[in-house]
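Contents: one structure, followed by commentary.
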Amino acid sequence: MIHITLPDGAVREYPEGTSAADVAKSISEGLARKVLAAEVNGEVWDSSRPINSDASLKLLTWDDKNAKSTFWHSSAHLMAEALETIYPGVKFGIGPAIETGFYYDIDLGDRTLGEDDLKKIEDKMKELAKANSTFKREDVAKAKAVAYFTEKGDQYKIELLEGLDDGTITFYTQGNFTDLCRGPHIPNTSFIKAVKLTNIAGAYWRGNEKNKMLTRIYGVTYPAQKELDEYLVLLEEAKKRDHRRLGKELELFTFSEKVGSGLPLWLPKGAMLRERLQQFLQKAQIETGYLPVITPHIGSKQLYVTSGHWEKYGKDSFRPITTPQEGEEFMLKPMNCPHHCEIYASSPRSYKDLPLRLAEFGTVYRYEQRGELHGLTRVRGFTQDDAHLFCMPQQVSAEFKKVIDLVLYVFETLGFTEYTAQVSLRDKDDRSKYIGSEENWQIAEQAIIDAANDKGLKTVIEYGEAAFYGPKLDFMVRDALGRKWQLGTIQVDYNLPERFELEYVDVDNTRKRPVMIHRAPFGSMERFIAVLLEHCGGNLPLWLTPLQVKVLPISDKYSEYAHSLVATMKEDDIRAEVDDRSEKIGRKIRDTELMKTPYMLIVGEKEMADNTVAVRKHGEGDKGTFSVNDFITEIRNTVKEQIKGKNRPY
RNA sequence: GCUGUUGUAGCUCAGCGGUAGAGCACUUCCUUGGUAAGGAAGAGGUCGGCAGUUCAAUCCUGCUCAACAGCUCCA
């Protein structure tokens, strides 16, 4: 007999070789029908796999993350079975579960798939799922496994087998399909009731662009049609929050083929939003000791040779521009750091001058690969909320923490509560691509880890993600469709001060090298606004929104009163407009709601007589009648509250 | 950059080998109204661009530009 410990602490006795499914059955039949997999001593297993010694056991049903992942992994196998039935001879790469759903990379030879094919595969999957095939696990000797896939002619599986040790190899079979797989899987295919193949795309074998491109089919499955429907609705909702769509609807920005791809054009409302955001950060920065500077949009190529960027990124940049006669070369500024280094170097610095914090909303140009461009999140011309802090080595830690405070203040004010902080360190093995001494790297890496811990950030450490000149702390958020984007960044740099031979005179009258910290709380104005739009679904906070109040006169007769209200509000820095079109009030309300304007003031005979306004709030409806002064006070207070923040660093 | 899909009016889209259509938006007129679309008339497109096939191309073919999805990349 063995002892099974359940999550509630209860210990039960079962015969050796009992399975999670058996345990479930002993508790209740209903539970047994829902169990998809099990966690045995913390490891996810097939529910049918025999347990041969004492163990802790958690039965996994659909609500569990690991169960979903198992379910989707099995669905990938089901899709593979369908593919093999429809396209005999198809070769398979890998087919894992992902955050939502699964994919399988396949090699179809010369055949290409279209939308109609996806439907066909879906139907076949549903048919095969109904066949109720069991997922059977089998230990296989390496030689036998290689022989199996050699006969099948699947070179990808053979390549995968090369990386595996004999004795650890397992096959899973359902119906007529057998795959090399570590498992685990759900008990049988009949659990899969709803199937949707969402997407078809190319993907390089093993993620290497030198390898063959395989066809990747993405899909998602559910144990009930209702859940699939809900998921599809959710996807639609997410699309409505897409910043590219909101940017168009709210008239914030646009692109022009003539101007060029990846070069956003800010429309008046977008520019207003962006400038307001910039002023907000500028103010916080000045309060916390930053000094604004301004540098040109181009710089001599020599500047980037000195910085090392030419060598590293020159070939991937916009080509240098040349002067008419001399043949001098200039580059469109791809980053502000070298310019700021030269500002530092423009006069002798004492330890008393440090830290020197130079800030600039600097527009830079980078030649991003064509396929990388994406709305405002990945563009070729963008403005960084950049600053470079030059400090003594012993000041790094304190400066770093101050920057974290500033970033958190920005996030809090703009309502970002969900983000991850990623500590990007060097690749553990390959250190050839990094500039700078081992010792400096270690100090910097430790300083970042300590500062993040000190501030209580939830961090993920990523090896190999550091910049070539130093480690960094990046703040990441997700967009409406689940894609991850980096927002704020803080980076320690021991390299540029070296290359630009920056110095300060220390207390003991010796010359020393300062340390540089690059930082951008927004990351870039473009990307930040993109993510902000998606975050708030286009309902921008009152203090930031281009138009705060729209005054809607009920008829032309009250137009004058409406305009007088706007003039009054303007005195209190409230951004308001009148909709004086000859439309019915219902129509004006609808149009204003669609533009997501926070407040509507409806004014007619009554309001004009009493010097009041009927307030309607976006998304909430009629709020009743207020005196003009009360309304103005309300707006002013709300705005004040929004930008104050509890964690204001100044 | 790679693979695939798409490109028709300002926007969302329909259509088709015989020189274009809807709704919304826009303009004008009527309507002067009370919390999410009042009515009528009008204007607007060399069907992304360049070639080719054809008696004839928005439609077929090639190239090119752009957008979208994913992969690779991201100072």
Side-chain angles (χ1 to χ4, degrees), chain A residues 98 103 105 112-115 198-218 239 242 244-245 248-249 251 254-262 304 307-314 316-317 333-338 364 366-375 377-380 384 386 435 465-470 472 474 481 483 485-486 489 491 493 495-496 518 527 552-559 581-594 600-607 614-625:
Chain A
I98 51 177
Y103 68 79
D105 285 345
T112 55
L113 295 181
E115 291 290 316
T198 46
N199 202 350
I200 186 162
Y204 300 107
W205 168 235
R206 305 203 126 177
N208 187 330
E209 74 183 308
K210 293 196 180 69
N211 288 340
K212 178 163 184 185
M213 181 164 279
L214 305 179
T215 303
R216 177 171 293 181
I217 305 176
Y218 286 88
K239 277 186 193 155
D242 192 309
R244 292 167 297 185
R245 178 174 172 156
K248 196 175 271 176
E249 286 173 1
E251 300 165 13
T254 189
F255 289 90
S256 148
E257 274 193 38
K258 279 204 190 73
V259 172
S261 70
Y304 303 100
S307 71
H309 290 107
W310 172 255
E311 189 193 354
K312 188 88 181 168
Y313 296 102
D316 301 321
S317 297
K333 181 165 74 175
M335 79 285 300
N336 306 298
C337 346
V364 298
R366 296 178 183 176
Y367 184 79
E368 301 292 351
Q369 289 186 57
R370 211 160 258 309
E372 306 317 320
L373 303 172
H374 181 93
T377 49
R378 197 76 185 271
V379 288
R380 286 177 170 167
Q384 295 178 308
D386 213 356
I435 298 175
E465 290 293 311
F468 74 93
Y469 51 74
K472 44 182 190 173
D474 292 328
L481 299 174
R483 287 170 291 218
W485 298 99
Q486 180 205 307
T489 181
Q491 313 180 359
D493 185 351
N495 174 54
L496 280 183
H518 309 246
R527 182 175 294 173
L552 312 180
I554 288 189
S555 82
D556 295 348
K557 287 179 231 155
Y558 317 107
S559 177
R581 294 176 302 166
S582 291
E583 292 289 350
K584 285 197 169 166
I585 195 67
R587 176 52 180 271
K588 292 184 186 181
I589 288 170
R590 179 185 151 77
D591 290 346
T592 313
E593 286 283 352
L594 288 178
M600 277 163 259
L601 301 182
I602 288 119
V603 294
E605 194 178 352
K606 228 166 30 185
E607 288 76 14
V615 177
R616 188 189 160 99
K617 215 167 170 180
H618 170 67
E620 294 180 26
D622 194 357
K623 304 304 262 189
T625 304

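In what follows, chains are A, B, ... by sequence order, proteins preceding strands, each numbered from 1.
- Between the NE2 atom of His374(A) and the P atom of rU72(B) there is a distance of 16 Å, rounded to whole Å.
- The gap from the P atom of rG70(B) to that of rG34(B) amounts to 49 Å, rounded to the nearest Å.
- Among the protein residues, Arg483(A) comes within range of the sugar-phosphate backbone only, with heavy atoms under 4.0 Å from sugar or phosphate atoms but none that close to a base.
- To the nearest angstrom, P of rU3(B) lies 20 Å from OH of Tyr103(A).
- In this structure, Glu607(A) contributes its side chain and Gly604(A) its backbone to a donor-acceptor pair below 3.5 Å.
- Each of Gly207(A) and Asn199(A) was assigned the nucleotide of RNA chain B with the nearest heavy atom; the assignment lying further toward the 5' end belongs to Asn199(A).
- Not one N or O on the side chain of Arg216(A) forms a donor-acceptor pair closer than 3.5 Å with the backbone of Ala201(A).
- For rU27(B) and rA14(B), the C1' atoms lie 25 Å apart once the distance is rounded to whole Å.
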Subject >> Sequence-aligned protein contact record of nucleotides 30-36 of chain B, with B where the base is within under 4.0 Å of a protein heavy atom and S where only the sugar-phosphate is >> reply: -BBBBBB
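- Here the nucleotide nearest the side chain of Gln491(A), chosen from rA75(B), rC65(B), rC68(B), is rA75(B).
- Looking at Tyr304(A) and Pro334(A), their side chains come closer than 4.5 Å, going by heavy atoms from C-beta outward.
- Ile602(A) places none of its side-chain heavy atoms less than 4.5 Å from the side chain of Asp622(A).
- Residue contacts for Thr215(A): at a heavy-atom cut-off of 4.0 Å it reaches no nucleic acid atom on any strand shown.
- Here the side chains of Pro553(A) and Val603(A) are in contact, with some heavy-atom distance below 4.5 Å.
- Nucleic acid contact class of His518(A) (heavy atoms, under 4.0 Å, all strands): none.
- Lys312(A) places no side-chain N or O within donor-acceptor distance of the main-chain N or O of Ser307(A), the cut-off being under 3.5 Å.
- No donor-acceptor distance shorter than 3.5 angstrom exists from the side chain of Arg378(A) to the backbone of Leu373(A), with no hydrogens or angles considered.
- For the P atoms, the distance from rG44(B) to rG7(B) is 25 Å, rounded to whole Å.
- Within the 4.0 angstrom heavy-atom criterion, only backbone atoms of the sugar-phosphate kind lie near Tyr367(A); the bases stay farther away.
- Ion pairing between Glu593(A) and Arg616(A) holds under the 4.0 Å rule for side-chain N and carboxylate O.
- When each of rC71(B), rG7(B), rA75(B) is scored by its nearest atom to the side-chain atoms of Tyr204(A), the top-ranked nucleotide is rC71(B).
- When the P atom is used for both rU3(B) and rG62(B), the distance is 15 Å, rounded to whole Å.
- Residue Arg370(A) places none of its side-chain N or O atoms closer than 4.0 Å to OP1 or OP2 of rC2(B).
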Subject >> Pairing string, 5' to 3', for RNA chain B - Watson-Crick or wobble contacts under 3.5 Å, brackets [ ] where pairs cross, | to another strand >> reply: (((((((..((((....[..)))).(((((.......))))).....(((((..]....))))))))))))....
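- Between Asp386(A) atom CG and rA75(B) atom C1' the separation is 11 Å, expressed in whole Å.
- Nucleotides rA9(B) and rA22(B) have their P atoms positioned 14 Å apart, rounded to a whole Å.
- Along RNA chain B, the nucleotide closest to Ala203(A) and the one closest to Gln486(A) are compared, and the more 5′ of them pairs with Ala203(A).
- At least one donor-acceptor pair under 3.5 Å links the side chain of Arg380(A) to the backbone N or O of Glu368(A).
- As judged by a 4.0 angstrom heavy-atom cut-off over every strand, Phe255(A) is placed among residues making no nucleic acid contact.
- rA51(B) and rA57(B) have their P atoms separated by 13 Å, given to the nearest Å.
- Per the geometry, NZ belonging to Lys248(A) stands 15 Å off C1' belonging to rC24(B), to the nearest Å.
- The gap from the C1' atom of rC65(B) to that of rC50(B) amounts to 10 Å, rounded to the nearest Å.
- Between His518(A) and Met335(A), the closest side-chain pair of non-hydrogen atoms is not below 4.5 Å.
- Counting atom types as modelled, Arg378(A) pairs a side-chain N or O with a base atom of rC74(B) as donor and acceptor under 3.5 Å.
- Atom C1' of nucleotide rU6(B) and atom CZ of Arg244(A) are separated by 14 Å, given to the nearest angstrom.
- Taking atom CG of residue Asp242(A) and atom P of nucleotide rC11(B), one finds them 17 Å apart after rounding to whole Å.
- Note: CG (Leu373(A)) to P (rC65(B)) measures 13 Å, nearest angstrom.
- Atom OH in Tyr313(A) sits about 5 Å away from atom P in rA75(B), given to the nearest Å.
- A perpendicular orientation is assigned to the rings of His309(A) and Tyr469(A), their planes being inclined by more than 60° (bins at 30° and 60°).
- With both ends at atom P, the span from rA37(B) to rC24(B) equals 14 Å, rounded to whole Å.
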